[in-house]
Structure formats: structure tokens, C-alpha cells
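Below is one structure; the comments refer to it alone.
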Amino acid sequence: MEDFVPQLNSLVKYSTPVLVSVAGKSQSTSDSPNKASKVKRSNSQEKQQEKMSTQEILTQNLPPKEYRLKNGQLWIQTVLSTPATRTEVIQLQQELDKRLQQRQARETGICPIREELYEQCFDELIRQITIDCSQRGLLLVKVRNEFKNQLNAYKTLYESSIAYGMRKMIDAEQKKTDKSNKIMLLERECQELNKAVEDLDQKIQYTKKVETERMQKESDAHKTELEKQRAYLDKLKEEITKCLEGRR
């Protein structure tokens, strides 16, 4: 049987696996897991009823493990209903510390490995306490379920905050990229405008130079023409004067 049914690697103690069915056929009632897990009948009917109630509570709060083999056999392994001794409790603590170290669980923060091992340890404590007092075991189950609900709520809140932070970070990176691209575009436009300003300054300086030279040439030509006209007028005056004097 050990060659086929996998060994449980859990801190919760389970009983020996029991064959339930072979290739779809159920075993007889005497081979059922409930019969296999029950202890021998005691002389007191009240103690027997209390034992059955405890076993039912254990089965309800710590469900049995089922294994379906390739040959069609179905094996069920229920939690152990034997009370724990003080030595077993100490061994549970030592085994917990050992597995935490072997699996390199983180001491702080969110760690699935540490969560899994402590959950197994708490289930084992529930098993031990339920055997001694079923009411305390049920109370611990309520505490465990409430703790799980709160932990799941915190996980959901944490995952939501992480997702929100990631969205904000992606949005900020996108905005940063857009701003960087816009800055590069504006810098390129500034460079082009500066170049255009330099070209216009050169054109202005060239135009000023050309116009100054043109105006200087026109001024010189005007002066030359003016001097010619004055010389011509002076000559005409002289001729007119001579003519007038000759008539006299």
C-alpha cells in the first residue's frame, strides 16, 4: 500500500489510508473508513457516543484525504483520533521550527510557506484539543475560520493596493514618457526656430549692407549729377551774360 498511496508531508497526523473502492466498486461496510477509524466498543454506551461525536467533528473540520490511483482504487486517509502526549506536542514545535528552516520561510512579511506550515500546526492543535474537548475544538475552528477570513480580506486589500500602485506607476511612466517626448519635440522646435532666427539675422545684415551700398552709390551719382547740372548752369549763365553784354 505504501508503494502507491503518497505519503503526507503535513504536520497534521493522519491515520493509515483505508481502501474505499476498487475500480468503481465500493468495499463492504466493514472496510469503510468510518469503521476503520472507530475504536473498539467500550462497555459504556455513553463513551462510545462521545467518541463517535468527536470523530465526526474531526472529520467535518479536518476533511479526510482522498487518493485515486491509476488502477481505479480509491483510498481515504482520515485524521488520527488518538490523544496527543506532552512529548508529541514538543515534537510538533520542533518539527515546525525544522520545516520553517528547511523550506527557508521568511520571518516577516507575507510568506506562503510560513502561512502553510503555521496553518498545519494550528490544524494539528485543533485535532489534539478536539479529542480532549470537542467544544474547545469547535471554538478553535471558529477562531481559525475567522482568522482565515480576515487574512483573505487583508490579502485582497493588499493585492488591490498593489494593483492600484502598479496602475499608477504605469500611468506615471506613460505620462513621464509623454512629457519627455513633448520636451524633445519642443527642444527640436526651439532649435529650428533659433536657426530660423539666425538665418533671418543674416538676411537682415546682408540686406542692410546691400541697401547701404546702393544708397551710397545713388547718393554719389546724385552728387555727380548735381555738380554737372550746376556746372552746366554756371556755363549757361556765363554765355547769357556775354550775350547781353555784346548787345549793349
Which atom pairs, one a donor and one an acceptor, fall under 3.5 Å between side chains of residues 226-244 and the rest of the protein, sequence neighbours left out?
unit_1 : atom_1 : unit_2 : atom_2 : d
Gln229 : NE2    : Glu225 : OE2    : 3.0
Thr241 : OG1    : Lys237 : O      : 2.7

Salt bridge (charged side-chain N to carboxylate O under 4.0 Å, His left out) between Asp171 and Lys175, intermediate numbers included:
CA-CA 6 Å; Asp171 186 52; Lys175 289 183 178 179; 3.5 Å; yes
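- Proximity of a side-chain donor or acceptor of Glu66 to a complementary backbone N or O of Leu74 within less than 3.5 Å is not detected.
- Other residues sharing the hydrophobic cluster of Ile170, ordered by chain and number and joined by side-chain separations under 4.5 Å: none, the residue standing alone.
- Rounding to the nearest 0.5 angstrom, the gap separating the CD1 atom in Ile57 from the CG atom in Leu62 is 11.0 Å.
- Asn152 CG to Leu157 CG: the interatomic distance, rounded to the nearest 0.5 Å, is 12.5 Å.
- A donor-acceptor distance shorter than 3.5 angstrom exists from the side chain of Glu88 to the backbone of Thr85, with no hydrogens or angles considered.
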Please test Gln128 against Asp132 for side-chain hydrogen bond (donor to acceptor under 3.5 Å, both in side chains), starting from the C-alpha separation and ending with a verdict.
CA-CA 7 Å; Gln128 297 176 7; Asp132 294 334; over 6 Å; no
Run the side-chain contact (heavy atoms from CB on, under 4.5 Å) check on Leu125 and Leu92 step by step: do they pass?
CA-CA 9 Å; Leu125 291 177; Leu92 176 63; 4.0 Å; yes
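- One finds the CE atom of Met169 at 11.5 Å from the NZ atom of Lys176 (value rounded to the nearest 0.5 Å).
- Every residue was checked against the salt bridge (Lys or Arg N to Asp or Glu O under 4.0 Å) condition with Glu198, not counting sequence neighbours, and none meets it.
- For the atom pair CZ of Arg114 and SG of Cys121, the computed distance is 13.5 Å after rounding to the nearest 0.5 Å.
- Distance CD/Gln205 to CD/Gln202: 9.5 Å, rounded to 0.5 Å.
- In terms of heavy-atom proximity, Leu11 sits nearest to Leu117 at CD1-O, 3.5 Å.
- By the side-chain contact (heavy atoms from CB on, under 4.5 Å) test, Tyr14 is found to be paired with Leu8, Val12, Lys65, Gln77, Val79, residues two or more places apart in sequence or in another chain being considered.
- Between Arg127 and Ala84, the shortest heavy-atom contact is NH2-CB, 4.4 Å.
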Give the table of side-chain donor-acceptor pairs shorter than 3.5 Å for residues 209-216, with sequence neighbours excluded, one pair per line with atom names and distance.
unit_1 : atom_1 : unit_2 : atom_2 : d
Glu211 : OE1    : Arg214 : NE     : 3.1
Glu211 : OE1    : Arg214 : NH2    : 2.5
Thr212 : OG1    : Lys208 : O      : 2.6
Arg214 : NH1    : Glu218 : OE1    : 3.3
Arg214 : NH1    : Glu218 : OE2    : 2.6
Gln216 : NE2    : Asp220 : OD1    : 3.2

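- Grouping the Ile, Leu, Val, Met, Phe, Trp and Tyr side chains by contacts below 4.5 angstrom, directly or via other members, places Tyr154 apart from Tyr158.
- Leu140 belongs to a hydrophobic cluster whose other members, connected by ILVMFWY side-chain contacts under 4.5 Å either directly or through intermediates, are Phe122, Ile126, Ile129, Val141.
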Evaluate side-chain contact (heavy atoms from CB on, under 4.5 Å) for Asp178 paired with Gln174, printing each intermediate quantity in order.
CA-CA 6 Å; Asp178 294 340; Gln174 183 63 37; 3.2 Å; yes
Side-chain donor-acceptor pairs under 3.5 Å in residues 190-197, sequence neighbours left out?
unit_1 : atom_1 : unit_2 : atom_2 : d
Asn194 : ND2    : Cys190 : O      : 3.1

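- For Lys98, the salt bridge (Lys or Arg N to Asp or Glu O under 4.0 Å) criterion is met by no residue, not counting sequence neighbours.
- Ser15 places a side-chain N or O within donor-acceptor distance of the main-chain N or O of Thr78, the cut-off being under 3.5 Å.
- For Asp123, the side chain to side chain donor-acceptor pair (under 3.5 Å) test picks out Arg144, with sequence neighbours left out.
- Remark: Glu189 pairs with Leu185, Leu186 by the side-chain contact (heavy atoms from CB on, under 4.5 Å) rule, at least two apart or across chains.
- Across Leu19 and Trp75, no two heavy atoms sit closer than the pair N-CE3, 3.3 Å.
- Residues Leu58 and Leu80 approach most closely at CD1-O, 4.3 Å, considering heavy atoms.
- Few gaps surround CD on Gln102; more than 12 heavy atoms of other groups in view lie less than 6.0 Å from it.
- Here Phe147 contributes atom CZ and Asn149 contributes atom CG; the two are 11.0 Å apart, rounded to the nearest 0.5 Å.
- Looking at residues two or more places apart in sequence or on another chain, you find a salt bridge (Lys or Arg N to Asp or Glu O under 4.0 Å) between Glu95 and Arg99.
- The salt bridge (Lys or Arg N to Asp or Glu O under 4.0 Å) check on Arg106 picks up nothing, with sequence neighbours excluded.
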